[in-house]
Amino acid sequence: MSACRRMFYLVKHRSLLTYVRRNLTTWSPVGAAFNARPHRKLDLLQKNGLFGVPELSCPAGFQVATETALKNTERLVEKACSSSPGVQTVQCFDQLSDELCKVADLADFIKVAHPDPAFREAAEKTCIEIGTVVEKLNTNVELCKSLKNLLDNPDIEAQLDPDTRRVADLFMFDFEISGIHLDDTLRKEAVALHVKLLDLNNEFLVGSHMPNRIARAAIPEHLHLNFATEGSFIQIGGLHADSPNDLVREIAYRIYLYPNAELMGCLEELLKCRYKLATLVGYESFGHRALKGTMAKTPGYYTSLGFFSQSGHFHYSALSIFSKDFKMMRDMKKKLSPRHSVRDFYFFNVYNIEPSLYSPYLSLGSCMEGLNNLFSQLYGVSLMSEQPRAGEVWSEDVRKLAVVHETEGLLGYIYCDFFHRQDKPHQDCHFTIRGGRQCQETGQYQLPVVVLMLSLPHPTKGAPTLLTPGMMENLFHEMGHAMHSMLGRTRYQHVTGTRCATDFAEVPSILMEYFATDYRVISQFARHYETGKPLPESMVARLCESKKVCGAADTQLQIFYAVLDQIYHSEPQNRSTTEILKDMQQKFYGLPYAPNTAWQLRFSHLIGYGAKYYSYLMSRAVASMVWKQCFIEDPLNREMGERYRREMLAHGGAKEPMLMVEGMLQRRPTIGDFVDALVSELNPNFETFIMDSEG
């Protein structure tokens with residue numbers, strides 16, 4: 001960054017820190033930017049592209065960007081194959097990866113988020129084209145040999161720094177899992193399986209989010225308003241779990257989870273192909289292939305994580321906690337609806353706090369202001385609102401944030417696609433658009449660019465966007481991913497930010513959830529959007545207690561999901577995925593299977609988290625340990641924030657995940673520590689809270 005530009009950002013940073021409120025309802029610049037409706041001036045003379053990429057001013061630009069990336073790829077492959085082995089080999093591989101990722105990652109986001117079908121279609125074609133090239137590169141024998149020559153030479157290998165050695169090993173791992181060591185016939189088979197899996201993954205992912213429909217006449221007329229309609233049909237696109245109406249929840253559960261034969265076939269074929277590919281390249285199962293390089297290492301590590309006995313059933317201590325939750329649920333269900341039994345679709349958590357009481361204190365602007373204050377105190381980082389150029393964003397309500405450090409200057413950009421719109425996925429996601437890396441060719445650092453995607457309500461004429469506590473927690477969660485991307489300063493983009501072991505990647509985001517429910521943090525920003533009055537501490541305490549109700553049941557549900565995922569990705573079971581689900585639900589969950597349902601067809605995490613869904617539990621255990629050991633006494637401690645950045649956030653995937661955890665905790669956690677951390681999050685003594693609720 002030029003000295004002039006760096007000074008500009010530092011001046012802006014100081015002006016933010018010295019901002020003085022004129023009254024209680026005046027927001028800081030970043031708060032005001034998110035509480036106001038967008039007023040974007042369109043410059044008809046400018047024709048910028050998406051994310052500032054000139055070619056992407058129209059759908060056809062994706063083909064141009066793809067062709068450019070592929071030309072550069074050919075040049076870099078030739079360079080890597082002809083150069084002498086050394087550090088420059090790994091740098092060349094990383095540049096090659098960056099050329100493809102800068103286009104593929106951007107396209108991966110645009111294909112699901114852009115409101116224009118033409119852009120989405122063009123981006124989808126780019127993803128397929130580059131994905132195919134990547135699979136071919138991963139089976140390019142000459143390219144692999146150039147890396148192998150480096151790693152097989154002890155003298156040269158000894159000169160590599162730890163980051164370079166790890167990145168070289170990760171690239172070699174990509175070759176190995178693609179079957180580079182196989183003969184020509186088997187290698188071609190591996191490539192064909194990879195390509196087939198790309199199609200199956202996409203088919204299942206799309207299908208898992210498609211609504212089911214039923215004839216309007218089959219649903220009582222007075223319930224039609226609870227669902228979307230399409231001609232003579234009712235469309236059901238979710239479980240409606242928050243509905244207080246038993247019948248609405250039952251209808252949604254039975255229809256939304258009704259088996260789809262075509263999608264069932266897709267999932268069965270997907271799992272078979274994953275197993276076949278894994279065994280083809282030398283692994284016992286897809287689970288063993290997927291867990292290499294993670295904290296868990298192997299599937300057996302997770303399933304021995306203390307909750308289970310050798311027979312596969314819950315240990316008594318865990319079972320006792322889970323049983324209490326389900327007993328409470330059954331007792332309350334009988335009291336509220338004596339005629340109905342307890343089932344997923346019947347139960348409604350009556351102990352949840354009323355979100356509407358909290359929302360006036362949680363305007364989007366105030367929450368962003370709170371995040372800005374938190375990051376400033378922990379890391380010396382500020383969020384600066386910037387006006388995107390014409391054509392830079394895909395929707396006029398997308399906000400752009402520059403992330404600025406008080407001494408290091410500009411760290412990167414976060415695009416905030418926060419508001420609901422038609423055809424936008426109803427998922428909270430973090431997308432890496434461009435990874436950070438040290439550019440050997442220019443001598444400068446390539447700044448990371450990410451997108452955070454939420455689905456929040458739009459502001460109204462009389463009020464800004466008001467968040468429920470759950471929305472606020474999700475915002476903090478996703479911003480944890482974003483700051484992981486921003487605060488890393490890895491030399492190689494192959495390991496930038498969240499490009500790390502899956503069971504470590506969720507730690508920064510889950511840790512942010514603890515900050516989101518700590519009154520010392522909340523009190524800095526949660527105030528009524530009209531009166532400026534702060535959110536009462538008693539309401540925050542109530543919110544924290546309500547989150548613990550049924551916490552054990554929720555943990556058991558996550559364990560059930562994780563076990564199911566592991567079984568699906570182990571050796572073939574010679575039975576249907578529904579039969580496996582029914583069996584696992586009986587063993588590992590406290591509510592029975594509902595006949596004629598196929599919940600696994602809505603388990604979209606099987607794509608991005610295949611064999612690794614346990615990562616949420618392991619990451620939560622690590623986050624719990626970090627919070628309780630490092631932040632619970634003072635969540636705004638700058639020294640601890642700097643240690644957290646130095647030990648955990650700065651490395652991305654360039655360091656073994658367990659070593660990062662060990663560096664932060666200053667000890668190596670055992671399996672027992674993981675289990676204890678999860679159990680400590682549960683609240684077996686919930687009776688007091690229930691009695692208070694009834695009082």
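Heavy atoms only: backbone and side chains are in, while hydrogens, waters and symmetry mates are out. Position 1 is the first residue of the sequence; numbering continues from there. Everything numeric in this text was worked out from a predicted model, so none of it was measured.
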*When the ring centroid of Tyr616 is compared with that of Tyr609, is the distance short of 6.0 Å?*
yes
_Taking the basic N atoms (NZ, or NE/NH1/NH2) and the acidic carboxylate oxygens, is any pair closer than 4.0 Å for Lys424 and Asp417?_
yes
_Neighbour count above 12 (heavy atom, 6.0 Å) for Glu284 CD_ = no
*For the pair Asp503 and Lys297, find out whether any cationic side-chain nitrogen is under 4.0 Å from an anionic carboxylate oxygen.*
no
*Would you please indicate if the ring centroids of Trp599 and Tyr256 are separated by under 6.0 Å?*
no
*Should Ile433 and Val450 count as side-chain neighbours, where that means a heavy-atom distance under 4.5 Å?*
no
*asked:* Is it true that Ser285 and Ser570 share a donor-acceptor pair across their side chains at a distance under 3.5 Å?
replied: no
*Would you call Arg216-Glu221 a salt bridge at under 4.0 Å N-O?*
no
*asked:* Quick test of your reading of the model: are Glu681 and Arg620 salt-bridged, counting only N-O distances below 4.0 Å?
replied: no
*Do Lys125 and Glu129 sit within salt-bridge range, that is, some charged N less than 4.0 Å from a carboxylate O?*
no
*asked:* Taking the six-membered ring for Trp, are Tyr561 and His605 closer than 6.0 Å centroid to centroid?
replied: no
_Pair Phe560 + Phe588: ring centers closer than 6.0 Å_ = no
*Hey, can you tell me if Phe109 and Phe431 have their rings parallel, tilted or perpendicular (30° and 60° cut-offs)?*
perpendicular
*Anything under 30° is parallel, anything over 60° is perpendicular, the rest tilted; go ahead and classify His114 against Phe119.*
parallel
*Mind checking whether Tyr283 and Ile177 have side chains closer than 4.5 Å, heavy atoms only?*
yes
*Is it true that the side chains of Ser615 and Glu506 contain a donor and an acceptor less than 3.5 Å apart?*
no
*Any chance the rings of Tyr568 and Phe603 have centres within less than 6.0 Å?*
no
